[in-house]
Amino acid sequence: MKVLKFGGTSVGSADRIKNLVPLVNSPEPKIVVLSAMSGTTNNLVEIAQSFYSGNQQNAKQQLDLLESKYQDVIRRLYTKEEFYIQAKELLRTHFDYMHAFRMDIFTPNEEKAILAQGELLSTALFHYHLSELGIPSVLLPALNFMRIGEDEEPDLNYIEENIRLELDKYPPATIYITQGYICRNAFGQSDNLKRGGSDYTATLIGAALRVEEIQIWTDIDGMHNNDPRIVEKTYPVTELSFDEAAELAYFGAKILHPTCVLPAQQRRIPVRLLNTMQPQAKGTLISETVSGERFTAVAAKDGITAIKIKSGRMLLAYGFLRAVFEVFERYKTPIDMITTSEVAVSVTIDQIKNLDVIVNELQEIATVEVDKDLSIVCIVGSFSAGTEGSALKIFESLRSVPIRMISYGGSEYNVSILVKTEHKKQTLLALNDGLFQN
Ligand code: ADP
Ligand code: ASP
Ligand code: MG
């Protein structure tokens with residue numbers, strides 16, 4: 001068994017949906033995980049915003065516009081009347097459901113129910129398309145087996161048990177289709193794995209079923225050495241270790257959901273990143289193999305806040321760091337980077353929901369300074385203690401970039417630096433020139 005996940009662009013139009021058929025129509029069994037058509041989840045977020053603000057008129061217009069896009073898709077996708085009518089009824093059901101939220105009070109639960117509609121639509125439309133072509137497939141409802149616990153983390157044991165039960169409901173098939181991104185929470189309500197979460201669905205299913213390979217099909221030929229949205233002439237990295245891929249995903253390489261590498265890594269299942277528009281391209285293979293390249297790739301994560309906690313009494317004060325970290329733990333706020341000196345410690349966070357209370361509590365034990373609008377730039381490669389010259393090369397490249405924090409030595413394969421977001425582009429370009437131009 002394999003898992004094949006296709007992202008928003010790969011299902012983004014009737015033609016794109018048709019182009020998936022040769023990629024899934026082979027005798028080997030596979031689970032096909034689909035995202036919503038590109039743009040849909042953003043549209044659904046906007047519709048939810050209108051409902052929140054009580055602007056029913058706006059919500060209605062946005063829903064009508066989205067529905068007309070889907071009408072257009074089904075007109076192009078189906079040739080037989082029977083399948084076109086089935087798809088039309090599907091749209092009616094989902095859009096009526098969404099319109100009905102106008103009558104209701106709107107809370108985060110309603111919002112999540114709306115956000116789930118994109119994947120429910122794309123998977124059903126693809127399933128009907130295969131049926132029209134006479135290709136048998138099974139539509140597996142992800143809400144029957146994908147689940148997050150009270151800590152909002154996926155519950156792999158539950159997923160493992162329940163996806164098997166779900167599969168057992170059908171005679172063996174070669175194409176199982178299911179929704180990415182959506183799940184149920186600990187209270188049984190519709191929920192999701194956060195934006196970009198279809199990748200996570202794919203690796204969770206892959207891990208649950210211990211498949212032989214997880215394929216993430218997208219609109220680019222693998223993980224590039226730098227952010228292709230910002231830097232020109234980037235190139236695909238053919239092999240990455242799980243650790244390297246996890247760092248890049250977490251620190252902003254949008255091609256992968258931030259935490260999706262973990263389930264595959266835990267069960268040692270290779271992940272291949274492939275391009276739907278260029279299926280022959282080699283892509284990137286993520287596995288246990290470490291390439292040993294000195295510099296593999298860089299990525300950047302925005303929206304970072306740095307907190308400097310300064311205490312004159314910190315010198316020799318054991319227990320001080322524990323007191324600091326306990327504050328972040330109390331407010332469930334993960335720390336990304338840390339640097340320390342004798343008199344101060346700086347940490348970075350990206351969840352600022354509880355920033356004010358955190359700062360208030362820290363001020364009881366120290367002087368606190370907060371810096372916003374920062375980016376972490378993460379350089380991934382091989383930096384074991386025995387290798388020399390890597391730091392020199394990195395910082396030589398960055399000679400004209402103002403740096404706020406540096407983290408080296410936390411792991412053998414990551415060096416992170418913190419810069420103002422206004423300097424991010426300059427940083428990525430400088431690293432490209434300094435580390436990757438031979
Ligand atoms: P999908 O909809 O298939 O999930 P995404 O838009 O989430 O696709 O991810 C693919 C995009 O990620 C690419 O089009 C590219 O612009 C962006 N991206 C950012 N950093 C990288 C990187 N290092 N390598 C490849 N793509 C990247
Ligand atoms: N449709 C969701 C999103 O746009 C999930 C995904 O595409 O991975 O975030
Ligand atoms: Mg994505």
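Both counts, for ligands and for their atoms, begin at 1 and track the order of listing.
Residue-ligand proximity: Gly118 is placed with every non-hydrogen atom at 4.0 Å or more from ligand 2. In this structure, Ser38 does not count as a contact residue of ligand 1, since none of its heavy atoms falls inside 4.0 Å of the ligand. At least one heavy atom of Pro228 sits closer than 4.0 Å to an atom of ligand 1. Residue contact annotation: Gly180 has no non-hydrogen atom under 4.0 Å from ligand 2. The closest approach between Glu119 and ligand 2 falls below 4.0 Å for a heavy atom of the residue. Distances from ligand 1 to the non-hydrogen atoms of Ile216 include no value under 4.0 Å.
The shortest distance between side-chain heavy atoms of Asn432 and Asn225 falls below 4.5 Å. Side-chain atoms of Leu209 and Leu167, non-hydrogen and from C-beta on, do get closer than 4.5 Å to each other. Side-chain contact check for Phe51 versus Gln56: some heavy-atom pair is nearer than 4.5 Å. Leu90 places none of its side-chain heavy atoms less than 4.5 Å from the side chain of Ile74.
The pair Glu166-Lys169 meets the salt-bridge criterion, since a charged nitrogen lies less than 4.0 angstrom from a carboxylate oxygen. Ionic pairing of Glu152 and Lys332 is not present here: no N-O contact between side-chain nitrogen and carboxylate oxygen is shorter than 4.0 angstrom. Ion pairing of Asp72 with Lys69 is absent here, as no side-chain N (NZ or NE/NH1/NH2) approaches a carboxylate O to less than 4.0 Å. Salt bridge absent: Arg76 and Asp15 never bring a charged side-chain N and a carboxylate O closer than 4.0 Å.
Counting non-hydrogen atoms of neighbouring residues, nucleotides and ligands closer than 6.0 angstrom, the CG atom of Leu165 exceeds 12 such neighbours.
Looking at atom 14 (O) of ligand 1, its nearest protein heavy atom turns out to be Asp219 OD1, 2.8 Å. The protein heavy atom nearest to atom 4 (O) of ligand 2 is Arg195 NH2, 2.9 Å. Looking from atom 1 (P) of ligand 1 to the surrounding protein, the closest heavy atom is Thr218 OG1, 3.6 Å. Of the protein's non-hydrogen atoms, the one nearest atom 25 (C) of ligand 1 is Gly222 O, 3.3 Å. From the protein, the heavy atom lying nearest to atom 6 (C) of ligand 2 is Ser198 OG, 3.3 Å. With hydrogens left out, the protein atom closest to atom 2 (O) of ligand 1 is Gly8 N, 3.1 Å, a heavy atom.
At least one N or O atom of Gly196, backbone or side chain, sits closer than 3.5 Å to an N or O atom of ligand 2.
Of the listed options Arg195, Lys254, Arg229, Lys254 places a heavy atom closest to atom 7 (O) of ligand 1. Considering only non-hydrogen atoms, atom 22 (C) of ligand 1 lies nearest to His224 out of Lys5, His224, Met37.
Close contacts of ligand 2 with Ser35, meaning ligand atoms under 4.0 Å from a residue heavy atom, involve 6 (C), 7 (O), 8 (O). Close approach to Thr41 involves these atoms of ligand 2, each under 4.0 Å from a residue heavy atom: 1 (N), 2 (C), 3 (C), 4 (O). Under a 4.0 Å criterion applied to the non-hydrogen atoms of Ile220, ligand 1 contributes the atoms 13 (C), 25 (C), 26 (N). In the vicinity of Asn226, heavy-atom distances shorter than 4.0 Å reach the ligand 1 atoms 23 (N).
Here Ile255 has heavy atoms under 4.0 Å from ligand 1 in both its backbone and its side chain.
Rounding to the nearest 0.5 angstrom, the gap separating the CD atom in Glu119 from the OG1 atom in Thr201 is 8.0 Å.
Tyr84 approaches Tyr78 most closely through the heavy-atom pair N-CB, 3.9 Å.
Ring geometry, His257 versus Tyr200: the interplanar angle falls under 30°, so the pair is classed parallel (tilted spans 30 to 60°).
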